[in-house]
Amino acid sequence: MTTTSPAPTGTDGRAAWTDEQLDTVFAPVFARIAEGAVAREQGRTLAHDEVAALRAERFGALRLPVELGGYGATVRQQFRLLVDLAAAESNLPQALRVHWWYVDDLLLAAPGPDRDARLAAVAEGRLVGNAITEPGVGAIDRYRTTLTSDGDGYRLDGTKYYSTGSLYADQILVAADLDGQRVSVLVDGDAQGVVQHDDWDGFGQRLTASGTTEFHGVAVPRERVLGPGYGTEGRGWGTSYLQLVQLAVLAGIARRATDDVSAWVRERTRTFTHAPADLPRHDPLVQQVIGRLSAAAWSSRALVLAIAEQLDTLLAAGGEDPELLDRVELDVAHAQATIIPAVLDATTQLFEVGGASVTSEKLRLDRHWRNARVISVHNPLIYKLQSVGDHVLNGTDLPYAWSAGKR
């Protein structure tokens, strides 16, 4: 695949990229993506061109070592860039969040030809979406999407909802049932029998391509069955990792909201007869609103990066240390309970900086609250706080990979 960035090598030919080097490649891409955010929102235009730009720069290969064709980024470096991307377009980090988990899971796996081939695909720029959640009963009992033996391989049948990012992706990671066991299956997005729908109807994060995916007798080679699927009982680093992507999105939303509203206030000359200043930018009440937004953006980013550093330690140790797993899972839960209220409050209060004109559809400032509200309910905070309280009071295990559906 042709890329516009230089080969990811440092001064010794194999060094991981620094923050400054990564910014040289990706900051211009993010800037171009940010320019079209309002227009995409207004037209509900899926971000295919923007994903293509990320694919061309092999953004999905951030975590791959340089010798495997990646950038050698740490978890912290990756999440720093995810916050930056979320500030440009909040839909995209969420759309590709399973991709990041998939790559780190590959890096922890035992060496072998199948692993090497999948890592090479990531190095070339290929992206992975997901099809995990199911409507109705869902996976509280077992997945209704089934993998059935068929000759030398398998056949995949079922329907998934919230297939986030799959319309943008080259491959789809599917959670399925194989004779009562949860398994993960890797399917090409254009494979025969795969039918995707852009029917996500949420009022925020509209461009995540989180629609329905149908699988009708999709042929699956044995090497595409990757092992235990999402929702397997016990400790695992995946839930904290995936939740941290959601929090990185919130941090990016807060930063973009700060930038957008600040730019609007700086140019505004209209005010009110009873306002304490002639210009809104000199008004201490308006300044307070901007300060609240800025603080929410800064603190959210700081928490995300602090936990990303813990994930660096956890994954470097193999991702199985029970003490480290519990610590990171609990810290992500605490961060969730801190970041969500701060960002929701700030993106609500931002409308206090002006009169009715601040609600103009041309500005689409409402998208910041809508996007933050929708991303925040993907892991309901009321249940997370309850599980934390039960853990603190009674030593009850944290839920880790929970499932949704009818009980």
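Heavy atoms only: backbone and side chains are in, while hydrogens, waters and symmetry mates are out. Treat the numbers as computed from the prediction; the structure is a model and nothing was measured.
- Side-chain N/O atoms of Gln243 and His378 include no donor and acceptor closer than 3.5 Å.
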Evaluate salt bridge (Lys or Arg N to Asp or Glu O under 4.0 Å) for Glu134 paired with Lys160, printing each intermediate quantity in order. CA-CA 5 Å; Glu134 296 180 350; Lys160 295 289 188 177; 3.0 Å; yes
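- Checked by atom type, the side-chain pair Asp199/Tyr161 shows no donor-acceptor distance below 3.5 Å.
- When all heavy atoms are compared, the tightest approach of Gly72 to Ala16 is O-CB, 3.2 Å.
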Could you walk me through whether His391 and Asp397 pass the side chain to side chain contact (heavy atoms under 4.5 Å, CB included) test, one step at a time? CA-CA 6 Å; His391 176 77; Asp397 288 342; 5.8 Å; no
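- Looking only at side-chain heavy atoms (C-beta outward), Leu119 and Leu107 come within less than 4.5 Å of each other.
- Side-chain contact between Val128 and Leu96 is absent, with no heavy-atom pair separated by less than 4.5 Å.
- Annotation: side chain of Thr269 is in contact with side chain of Leu279 (closest heavy-atom distance under 4.5 Å).
- Remark: the Ser90 side chain and the Gln205 side chain contain an N/O donor-acceptor pair separated by less than 3.5 Å.
- Looking only at distances, no side-chain donor or acceptor of Arg367 sits under 3.5 Å from a matching main-chain atom of Gln42.
- Closest of all the heavy-atom pairs between Gly319 and Leu325 is O-CD2, 3.7 Å.
- Within 6.0 Å of the CD atom in Gln386, the count of heavy atoms belonging to other residues, nucleotides or ligands exceeds 12.
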Worked verdict on Val194 versus Thr213 for side chain to side chain contact (heavy atoms under 4.5 Å, CB included): CA-CA 7 Å; Val194 177; Thr213 305; 4.2 Å; yes
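- Side-chain N/O atoms of His334 and Gln336 include no donor and acceptor closer than 3.5 Å.
- The cationic group of Arg182 lies under 6.0 Å from the six-membered ring centre of Tyr143 and within 45° of the ring axis, placing it in a cation-pi geometry.
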Check step by step if salt bridge (Lys or Arg N to Asp or Glu O under 4.0 Å) holds for Asp157 and Arg155. CA-CA 7 Å; Asp157 294 277; Arg155 184 182 70 252; 3.0 Å; yes
Tyr71 and Trp17: CA distance, side-chain angles, deciding distance, ring pair (Phe, Tyr, Trp, His ring centres under 6.0 Å) verdict: CA-CA 6 Å; Tyr71 291 89; Trp17 284 50; 5.0 Å; yes
For a side chain to side chain contact (heavy atoms under 4.5 Å, CB included) check, start with the C-alpha distance between Trp264 and Leu350, then their side-chain angles and the critical distance, and finish with the verdict. CA-CA 11 Å; Trp264 187 79; Leu350 68 84; over 6 Å; no
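- In this structure, Asn130 contributes its side chain and Val98 its backbone to no donor-acceptor pair below 3.5 Å.
- Around atom OH of Tyr383, no more than 12 heavy atoms belonging to other residues, nucleotides or ligands sit under 6.0 Å away.
- A salt bridge between Arg206 and Asp201 is absent, with no side-chain N of the basic residue lying under 4.0 Å from a carboxylate O of the acidic one.
- In this structure, Asp278 places its CG atom where only 12 or fewer heavy-atom neighbours from other residues, nucleotides or ligands lie under 6.0 Å away.
- When each of Gln78, Arg63, His99 is paired with Asp104, the side chain to side chain donor-acceptor pair (under 3.5 Å) condition holds for Arg63 and for no other.
- Around atom CZ of Arg222, more than 12 heavy atoms belonging to other residues, nucleotides or ligands sit under 6.0 Å away.
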Test side chain to side chain contact (heavy atoms under 4.5 Å, CB included) on Leu324 and Gln310; report intermediate values, then the result. CA-CA 8 Å; Leu324 290 177; Gln310 293 188 48; over 6 Å; no
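- Residues Thr18 and Gln77 approach most closely at C-NE2, 3.7 Å, considering heavy atoms.
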Output, in order, the C-alpha distance, side-chain angles, deciding distance and verdict of salt bridge (Lys or Arg N to Asp or Glu O under 4.0 Å) for Arg40 and Glu89. CA-CA 10 Å; Arg40 286 190 298 274; Glu89 174 54 84; 3.0 Å; yes
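- Between Arg55 and Leu127 the shortest side-chain heavy-atom distance falls below 4.5 Å.
- One finds a salt bridge joining Glu309 and Arg76 here, because a Lys/Arg side-chain nitrogen approaches an Asp/Glu carboxylate oxygen to under 4.0 Å.
- In the model, Gln246 has no side-chain atom that pairs as donor or acceptor with a side-chain atom of Asn379 under 3.5 Å.
- Using a 4.0 Å cut-off between a side-chain N of Lys or Arg and a carboxylate O of Asp or Glu, Asp345 and Arg292 qualify as a salt bridge.
- In summary, the side chains of Thr159 and Arg144 do not present any donor paired with an acceptor at a separation below 3.5 Å, with no hydrogens or angles considered.
- Between Val122 and Arg126, every side-chain heavy-atom pair lies at or beyond the 4.5 Å cut-off.
- Shortest non-hydrogen contact noted between Ile290 and Ser262 is CG2-OG, 3.5 Å.
- The residues Arg44 and Glu41 are annotated as not salt-bridged, no charged nitrogen and carboxylate oxygen being separated by less than 4.0 angstrom.
- The shortest heavy-atom contact between Ser166 and Gly129 is OG-C, 4.0 Å.
- Classification of Asp23 and Arg80 as a salt-bridged pair holds, one side-chain N sitting under 4.0 Å from a carboxylate O.
- In this structure the side chain of Thr359 never reaches within 4.5 angstrom of the side chain of Asp366, judged on heavy atoms.
- Note: Asp390 CG to Leu385 CG = 12.5 Å, rounded to the nearest 0.5 Å.
- In the displayed structure, Glu67 atom CD is contacted under 6.0 Å by more than 12 heavy atoms of other residues, nucleotides or ligands.
- In terms of modelled atom types and a separation under 3.5 Å, the side chain of Asp188 and the main chain of Ala191 share no donor-acceptor contact.
- Under the side chain to side chain contact (heavy atoms under 4.5 Å, CB included) test applied with His368, the options Leu344, Asp260, Val343 reduce to a single match, Asp260.
- Across all their heavy atoms, Ala88 and Phe30 have their closest contact at CB-O, 3.3 Å.
- In this structure, Val332 and Thr239 have side chains that are not in contact, with every pair of non-hydrogen atoms separated by 4.5 Å or more.
- Counting heavy atoms from C-beta outward, Pro93 and Val249 have side chains that approach closer than 4.5 Å.
- Applying side chain to side chain contact (heavy atoms under 4.5 Å, CB included) to Trp237 and the options Val328, Leu242, Asp105 leaves one that passes, Asp105.
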Test log, rule side-chain hydrogen bond (donor to acceptor under 3.5 Å, both in side chains), inputs His197 and Glu214: CA-CA 8 Å; His197 306 276; Glu214 303 172 37; 2.6 Å; yes
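- Checked against the 6.0 Å centroid threshold, Trp200 and Tyr162 count as a close aromatic pair.
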